[in-house]
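Both backbone and side-chain heavy atoms feed into the values below; hydrogens, waters and symmetry mates do not. Everything quoted here is computed from the prediction, not taken from an experiment. Letters go in sequence order (proteins before strands), and every chain restarts at 1.
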Amino acid sequence: MIGKLAPWYREHGRHALPWRASRDRWTVLVSEVMLHQTQVPRVAAVFDTFMARFPTPAATAAAGPAAVITAWGRLGYPRRARWLWEASLRIVQDGWPSDLSELPGVGRYTAAAVAAQVDDDDRVGIEVNIRRVCERVLGTRLAESEAEECVREIGKGLRPRDRLLAMMDLGATVCTARAPSCDRCPIVSLCATRGTHADETKRRPQARYVGSFRQRRGTVMARLRVGPVAAAELDGEVLASLLDDGLAEVTRGRAHLPRPPRRGSSPGAGVRGR
DNA sequence: AACTCGGGGGT
DNA sequence: ACCCCAGAGTT
């Protein structure tokens with residue numbers, strides 16, 4: 001099949017996204033972590049400001065977890081910020097691991113995506129957009145290994161970096177989840193579906209957010225970001241879970257909070273042993 | 001395999 | 001109200 005994806009990508013790829021300008025490993029890693037379950041426009045809005053403050057692993061590690069978690073702002077899933085700081089510390093101490101999935105918060109997809117973008121590594125990462133494109137092209141649900149093979153087929157002639165970004169951009173801007181624009185699709189001629197089909201991998205339905213424990217955590221995190229607050233003013237159960245995740249360090253030096261419990265310490269009579 | 005983990009925007 | 005989002009870690 002003639003490669004129509006490459007010219008489409010050259011013309012319609014989202015080359016202006018701020019992180020696309022760099023092949024710096026740290027810059028690309030930060031972008032990928034921020035993009036976990038988070039839409040592109042939300043990341044684009046804060047990316048340059050974040051990178052100006054945390055331009056390198058050394059700067060990030062030196063800034064400490066509280067600064068990173070605070071700067072994360074309202075991006076959501078603040079554990080990502082905590083893990084990113086931990087990753088920066090490991091990189092400073094031990095150097096970059098050959099497999100980035102050794103870093104906290106970096107899984108199969110992110111490790112492959114960073115390697116592809118920075119080193120043109122041939123490993124294929126599968127995320128939601130690429131999976132959707134492949135499942136529609138083949139007209140059936142795919143295991144990860146099958147999706148990888150599909151990407152190699154569709155992306156023939158593209159270098160790994162361009163292959164990854166072209167497939168993602170296609171999924172994000174043309175082969176969208178709800179209403180694909182098949183009339184604008186460069187590979188519609190080899191697509192078995194040309195629309196949506198019932199067998200597509202479905203997102204696991206999230207638990208209702210309004211009224212959830214997650215929302216309570218979000219409320220406490222928002223309060224902690226503002227500034228000092230006494231622990232007694234916060235939801236104790238939520239605060240305990242934040243301490244478990246290393247997120248209450250956002251308040252280090254600014255508030256009176258209990259220290260995280262030591263392993264093996266005996267629980268007291270308080271809320272959940274704290 | 002199923003759960004948990006934020007938050008915002010689109011429909 | 002429900003769906004969607006460049007996932008990862010834990011159980």
Side-chain angles (χ1 to χ4, degrees), chain A residues 9 13-14 17-20 27-47 69-70 72-84 86-87 99-118 123-134 143-144 147 151 160-180 196 200-225 237-238 240-247 250:
Chain A
Y9 174 64
R14 296 177 292 178
L17 294 176
W19 49 91
R20 295 270 174 101
T27 303
V28 174
L29 175 62
V30 172
S31 75
E32 287 293 341
V33 171
M34 282 188 172
L35 286 161
H36 290 170
Q37 298 295 288
T38 307
Q39 272 130 329
V40 164
R42 297 188 56 208
V43 174
V46 301
F47 185 74
I69 295 166
T70 302
W72 201 253
R74 304 187 70 82
L75 270 182
Y77 291 142
R79 290 192 294 192
R80 295 182 292 173
R82 172 72 201 199
W83 287 332
L84 193 60
E86 291 177 4
D99 181 359
L100 294 189
S101 65
E102 293 177 17
L103 298 173
V106 178
R108 296 168 56 80
Y109 162 72
T110 301
V114 172
Q117 290 179 73
V118 175
R123 195 146 53 106
V124 175
I126 301 297
E127 46 67 76
V128 62
N129 292 297
I130 295 176
R131 173 179 291 279
R132 184 173 57 246
V133 170
C134 289
E144 188 166 294
V151 169
R161 172 190 166 90
D162 292 340
R163 178 178 64 190
L164 172 81
L165 298 177
M167 291 291 287
M168 275 201 308
D169 286 353
L170 184 64
T173 65
V174 175
C175 194
T176 57
R178 288 183 176 158
T196 64
E200 293 176 9
T201 296
K202 299 166 183 64
R203 302 183 57 75
R204 275 194 334 93
Q206 260 187 336
R208 179 184 191 79
Y209 182 66
V210 176
S212 68
F213 189 76
R214 295 171 67 185
Q215 185 184 38
R216 288 164 60 194
R217 271 177 64 118
T219 300
V220 172
M221 280 300 300
R223 178 61 189 88
L224 290 174
R225 275 186 229 110
E237 197 177 1
V238 168
S241 79
L242 292 179
L243 285 165
D244 283 344
D245 290 341
L247 292 176
V250 70

Just the rounded figure in Å: distance from [atom2] of [N] to [atom1] of [X].
X	N	atom1	atom2	answer
Arg82(A)	dA8(C)	CZ	C1'	17 Å
Leu164(A)	dG7(C)	CG	P	11 Å
Arg132(A)	dC4(C)	CZ	P	9 Å
Asp244(A)	dT10(C)	CG	P	13 Å
Leu84(A)	dA6(C)	CG	P	19 Å
Glu32(A)	dC5(C)	CD	P	15 Å

Item checked: Any-strand Watson-Crick or G-U partner of dG6(B), both distances under 3.5 Å ->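 The base-pairing partner of dG6(B), which may sit in any strand shown, does not exist here.
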Check: Salt bridge or not for Glu200(A) and Arg131(A), using N-O below 4.0 Å?
Finding: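 Arg131(A) and Glu200(A): not salt-bridged.
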Notebook entry, point to check: Taking NZ, NE, NH1 and NH2 as the nitrogens, is one of them in Asp244(A) or Arg79(A) under 4.0 Å from a carboxylate oxygen of the other?
Noted result: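 No, no charged N to carboxylate O under 4.0 Å.
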Notebook entry, point to check: 5'-most contact on DNA chain C: Ser101(A) or Arg20(A), nearest heavy atom basis?
Noted result: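 The answer here is Arg20(A).
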Item checked: Upstream residue (5' side of DNA chain C) when Trp83(A) and Glu127(A) are each assigned their closest nucleotide ->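 The 5'-side residue here is Glu127(A).
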Quote, to the nearest angstrom, the [atom1] distance that separates [N] from [M].
N	M	atom1	result
dG8(B)	dA8(C)	P	23 Å
dC5(C)	dG6(B)	C1'	12 Å
dT11(B)	dA6(C)	P	14 Å

Would you say [X] and [Y] make side-chain contact, with heavy atoms under 4.5 Å?
X	Y	answer
Arg80(A)	Thr38(A)	yes
Val43(A)	Ser31(A)	no
Tyr9(A)	Arg163(A)	no
Asn129(A)	Val133(A)	no
Met34(A)	Leu84(A)	no

Item checked: Residue pairs fulfilling salt bridge (charged side-chain N to carboxylate O under 4.0 Å, His left out) with at least one residue in residues 35-45 of chain A, sequence neighbours excluded ->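 Passing the test, one end in residues 35-45 of chain A: no pairs.
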Note to self: Return the CG to CG distance between Leu242(A) and Leu224(A), rounded to the nearest 0.5 Å.
What the structure shows: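 Going from the CG atom of Leu242(A) to the CG atom of Leu224(A) covers 6.5 Å.
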Check: Under 4.0 angstrom, heavy atoms only, what part of the nucleic acid is Trp19(A) near: base, sugar-phosphate, or nothing?
Finding: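 It contacts base atoms.
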Check: What is the nucleic acid contact for Val106(A), judged by heavy atoms within less than 4.0 Å: base, sugar-phosphate only, or nothing?
Finding: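 Touches sugar-phosphate only.
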Notebook entry, point to check: Using a distance-only test with no angle check, is there a side-chain donor-acceptor pair under 3.5 angstrom linking Arg214(A) and Tyr77(A)?
Noted result: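 Their side chains do contain a donor-acceptor pair, which is all the 3.5 Å distance test asks for.
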Next item on the list: Scan nucleotides 5-11 of chain B nucleotide by nucleotide, 5' to 3', and note B when protein non-hydrogen atoms come under 4.0 Å of the base, S if they reach only the sugar-phosphate, - if neither.
Entry: BBBB-BS
Next item on the list: Report yes or no: is there a donor-acceptor pair, N or O only, under 3.5 Å between the side chain of Arg14(A) and the base of dA6(C)?
Entry: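 Answer yes: a donor N or O sits under 3.5 Å from an acceptor.
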Item checked: Interface residues of residues 108-116 of chain A with DNA chain C (non-hydrogen, below 4.0 angstrom) ->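 Result for residues 108-116 of chain A: Arg108(A), Tyr109(A), Thr110(A), sorted by number.
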